[in-house]
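Heads up, the thing below is written out as structure tokens.
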Protein chains: 2
Amino acid sequence: MIDPLSAAAEPSRRRILQLLAARSMTVTEIAAEFTVTRSAISQHLLVLAEAGLVEAEKVGRQRIYRVLPGGLQRLQAEIDRFWTRELDQLVDDAHTIRRDS
Amino acid sequence: MIDPLSAAAEPSRRRILQLLAARSMTVTEIAAEFTVTRSAISQHLLVLAEAGLVEAEKVGRQRIYRVLPGGLQRLQAEIDRFWTRELDQLVDDAHTIRRDS
DNA sequence: GCAATACGTTAGCGAGCACTAACGTATTTG
DNA sequence: CAAATACGTTAGTGCTCGCTAACGTATTGC
């Protein structure tokens with residue numbers, strides 16, 4: 001399985017996840033939000049699916065994609081693992097400095 | 001300036017940020033933690049610097065790298081912007097499901 | 001049954017990425 | 001001053017990425 005963070009970092013896939021988080025959509029609906037080809041969207045969806053972030057349900061001749069909450073949970077866990085207390089402390093310091101200026 | 005999230009997503013650069021968050025280090029010290037060449041580390045540091053995440057201070061013949069709190073702050077903001085309430089809600093649902101099982 | 005629709009798949013391309021090897025440049029050490 | 005150290009830089013390589021164009025396959029509507 002692909003690294004969720006690497007999969008979600010790509011700008012187009014970020015937007016796809018945003019769209020699908022709001023509501024489940026078909027491939028054509030998603031592609032309508034982009035300037036790139038539907039084929040490109042299909043491939044992005046494949047990557048997101050391999051990362052366990054989305055899933056497709058076949059309904060008639062269209063496939064409805066939705067996010068997988070468990071995948072987002074793993075993504076969040078990965079971000080949390082990266083965002084250690086040291087990093088937190090540094091960001092807090094930055095806030096303090098900004099407050100002082 | 002480079003997108004902080006894209007810069008920080010790469011696994012090697014993730015580790016570099018972790019190391020530098022703990023303490024400022026020289027290039028050789030950082031490279032010692034990796035199997036790749038020092039040259040590769042230099043180039044990763046360049047990317048991180050262009051993303052505004054790290055900074056170098058020249059001390060004698062060595063350069064001491066440290067993280068820039070402001071850069072981490074922007075990175076955190078970018079993650080927060082991605083992590084909308086819709087995504088949060090879905091993750092909460094996943095937690096609930098997990099609690100039920 | 002036949003055209004249209006919705007989608008996956010594949011080949012191929014250009015660009016960028018991560019990396020190594022080699023070299024160049026300050027700076028320190030002896 | 002010469003060797004060693006610490007680092008940047010650059011050319012070149014293999015690989016991956018994002019993308020398009022083209023084609024194949026179900027499914028629906030007429």
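All chains are named by letter (A, B, ...) in the order of the sequence lines, taking the proteins before the strands, and each is independently numbered beginning at 1.
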Could you go through nucleotides 26-30 of chain D and list every protein N or O atom that sits under 3.5 Å from one of its N or O atoms, giving the distance for each pair?
| unit_1 | atom_1 | unit_2 | atom_2 | d |
| --- | --- | --- | --- | --- |
| D:dT27 | OP1 | A:Lys58 | NZ | 3.1 |

Is there a side-chain contact between [X] and [Y], using heavy atoms and a 4.5 Å cut-off?
X	Y	result
A:Glu33	A:Gln18	no
B:Leu17	B:Leu48	yes
A:Met25	A:Ile64	no
A:Phe34	A:Leu19	yes
A:Leu75	B:Phe82	yes
B:Val47	B:Glu10	no
A:Glu50	A:Leu46	yes
A:Leu53	A:Leu68	no

How long is the line joining CD of B:Glu10 and P of D:dT16, in whole Å? 14 Å
From CG of A:Leu48 across to P of D:dG18 the rounded distance in Å is 10 Å
Check this for me, if you would: do A:Glu78 and B:Arg14 make a salt bridge, where the nitrogen-to-carboxylate-oxygen distance has to be below 4.0 angstrom? yes
May I ask you to say whether B:Glu57 pairs ionically with B:Arg66, meaning some side-chain N is under 4.0 Å from a carboxylate O? yes
Positions of residues 29-44 of chain B (non-hydrogen atom under 4.0 Å from DNA chain C), listed by number: B:Val36, B:Thr37, B:Ser39, B:Ala40, B:Gln43, B:His44
With a 4.0 angstrom cut-off to heavy atoms of chain A, pull out the first and last contacting nucleotide of DNA chain C, in 5'-to-3' order. C:dA4 to C:dT10
